[in-house]
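The next block holds one structure in the form of structure tokens; read it before the comments.
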Amino acid sequence: MTMYELFSLLGGVGLFLYGMSIMSTGLKNAAGDNLKGILEHATSNRFVAVMVGILVTLLVQSSSATDMMVISFVNSGLMTLMQAIGVIMGANIGTTITAQITAFNLGAYAPMILFIGAIMYIFLKRNTVKHIGSIIMGFGMLFFGISLIKAAIAPLSQSDQFITFLSTLANPAIAVLFGIGFTALLQSSSSSVVIFQAFAVEGLISYEITVYLVIGAAIGSVTPNILASLTTNRNGKRTAVLNLLFNLFRAAIIILIINVFPQTLNLIHSLTPNSIARQVANTHTIFSIVAVIVEYPFARFIVSLSEKIIAVRPDESKQLEDRKLHYMVQTNLPSSVALHQARLEIVRMGQIAIDSLQDAVDAFFNLNEKLAERSMEGEVTVDILTDKIQERLIIMRSRDFTPKVSSMISKMMLVVSDIERISDHAENIAEYALDYKNKKAIISETGLRELKHLAEETLKSVQMSMEVFESEDFDRIPDVDRQEEKVDAIQKEIVNNHIQRLMVSRCDPLGGVLFTDMASDLERCSDHAVNVAEAFADLKE
């Protein structure tokens, strides 16, 4: 192979990858936030999750992109592992569409496709049209890249060294390993399958060898997800392990089918006897569907296995339990029972928010990163519960209840929002704790004592308000109001004191920003707490 041919091959691969990226970006922009919305609403029904995985991967043209979104959702608690495995299965089917597209010999039309896409993208003003133009342009790049790859590969059929190398792939095990390594290097199973497809079209490798290379490519496709999961929590890592397990089992299933029923390949071959490119594409698609059908009933086993590989720790079990609804599990109960259960659920959520605030405050004054991280995890839990509780409250409000009950449900939704805001401020304080430790900001001892006093009074205000909401002891509301006024007065006083210290350089500017921001967040926690305590005060008889 000459240097020109090598550069042509590399350029073709690069253009193909860039075309895929352009297509993916255009499709994402055209769809807006709908893709993430679709994934977020993948239900516990695994069949729906599989369909969602297929749809999203068809749109973004990358199973790795879909899998990475799934990892991020599982990492943030928006998706369970059982939902994730369904989407992962669907993504492995959806990604086969690339090979189906490239099986069409559209290389001669690639320049015209590129030109049309470029005209739309550069000269037309409407965003929707520009996004469609970028999709078409990416499509043209993809086929132009394939043309370069084929042109660079063709002379290799005359190379004794390359033919000798390819002969080693006649061993199925070596072919699978090469497929894994080649795909891990390219970070794209679609790209490696297209290149293997081109090898087969040029007669460099047989259809049977290509099948084993494609099997290896499926396993190698998990490499980007494993790398991405290194920065996630343990649940995010389990999602990457899920993907790896699915593809390992998938490879084992397909290899078993090929060897026990060798006529399977003959059958696929006979569907398009005159097009080896289509044969490879059909094999890729059919085997992906078969693997999903076979593994679908064993999804729980695969999830369980991933949880054994990365063991579930006690604190994770508690977190998972905290993020479930404990009381609002039924929606067709009498109004009195439904309201009581909603109150219990909101109180439980409120205590998690208080714990998160306490952790954040302790993290700040003790410079403890673990407490800051625990506070942030608590905030995620509160966010998840907020969505679940408000969803149930909306269902309750749609029922034929009395005006008073409907009003109580509406006020409960406001209470949930106030608790969620307290949790948001707790997260801010946890971030201040990390900033205070890492940036070495200077706050004087006097300033720290003042902040600590404000934090203690704020926690007292929040706890008192939650107790009033839980017990409906409205006679304590004046005490709650006095406590909130006390917090307001302390906040104003210590901010004024701190400004005076800044003027005489007893605290540095960065410390001054942290001080005032934290004081503000604490005071706002108390404001939201009062709203919680007074939510039902005007409904008392």
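This structure is a prediction, so every number in the text was calculated from the model and none was measured. Scope of the values below: all heavy atoms of this structure, side chains included, with no hydrogens, waters or symmetry mates.
Remark: the backbone N or O of Leu267 is paired with a side-chain donor or acceptor of Ser270 at under 3.5 angstrom. Listed for the Arg250 side chain is no donor-acceptor partner under 3.5 Å among the backbone atoms of Leu245. Remark: side-chain polar atoms of Thr285 are not paired, donor with acceptor, to backbone N or O of Asn282 under 3.5 angstrom. Using modelled atom types, no side-chain atom of Ser304 and backbone atom of Arg300 make a donor-acceptor pair closer than 3.5 Å. Listed for the Ser375 side chain is no donor-acceptor partner under 3.5 Å among the backbone atoms of Leu371. With hydrogens and angles disregarded, a donor-acceptor distance shorter than 3.5 Å links the side chain of Thr183 to the backbone of Gly179. No donor-acceptor pair under 3.5 Å is formed between the side chain of Lys308 and the backbone N or O of Val303. Judged by distance alone, with hydrogens and angles left aside, the side-chain atoms of Ser423 form no donor-acceptor pair with the main-chain N or O of Ile419 at under 3.5 Å.
A distance of 6.0 Å separates OG in Ser288 from CG in Asn92, rounded to the nearest 0.5 Å.
Among Ile384, Val380, Thr386, Leu385, the one residue that satisfies the side chain to side chain contact (heavy atoms under 4.5 Å, CB included) test with Val382 is Thr386. The side chain to side chain contact (heavy atoms under 4.5 Å, CB included) test with Leu244 singles out one residue from Thr223, Val222, Thr239, Ile309, and that residue is Val222.
A donor-acceptor contact closer than 3.5 angstrom links the side chains of Asn247 and Asn243. For the residue pair Arg238/Ser306, the side-chain donor-acceptor check at 3.5 Å is not satisfied.
A heavy-atom distance below 4.5 Å is found between the side chains of Phe196 and Phe182. Taking the side chain as every heavy atom from C-beta outward, Glu431 and Met376 approach each other to under 4.5 Å. The shortest distance between side-chain heavy atoms of Phe199 and Ile209 does not fall below 4.5 Å. Thr96 places none of its side-chain heavy atoms less than 4.5 Å from the side chain of Ile289.
Under the side-chain hydrogen bond (donor to acceptor under 3.5 Å, both in side chains) criterion, Ser275 pairs with no residue at all, not counting sequence neighbours. With sequence neighbours excluded, no residue satisfies ring-ring contact (aromatic ring centres under 6.0 Å, His included) with Tyr296. In this structure, the salt bridge (Lys or Arg N to Asp or Glu O under 4.0 Å) partners of Arg348, at least two apart in sequence or on a different chain, are Glu345.
The two atoms that bring Leu81 and Leu242 nearest to each other are O-CD1, 3.7 Å, heavy atoms only.
No salt bridge links Lys318 with Glu321; every basic N to acidic carboxylate O contact stays at or beyond 4.0 Å.
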For side chain to side chain donor-acceptor pair (under 3.5 Å), just list the numbers for Arg374 and Ser356, CA-CA rounded to whole Å, side-chain angles, deciding distance to a tenth of an Å, and then say yes or no.
CA-CA 7 Å; Arg374 193 167 76 180; Ser356 180; over 6 Å; no

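In Tyr432, the OH atom is crowded: over 12 heavy atoms of neighbouring residues, nucleotides or ligands sit closer than 6.0 Å. For CZ of Phe298, the number of neighbouring non-hydrogen atoms (other residues, nucleotides, ligands) closer than 6.0 Å is 12 at most.
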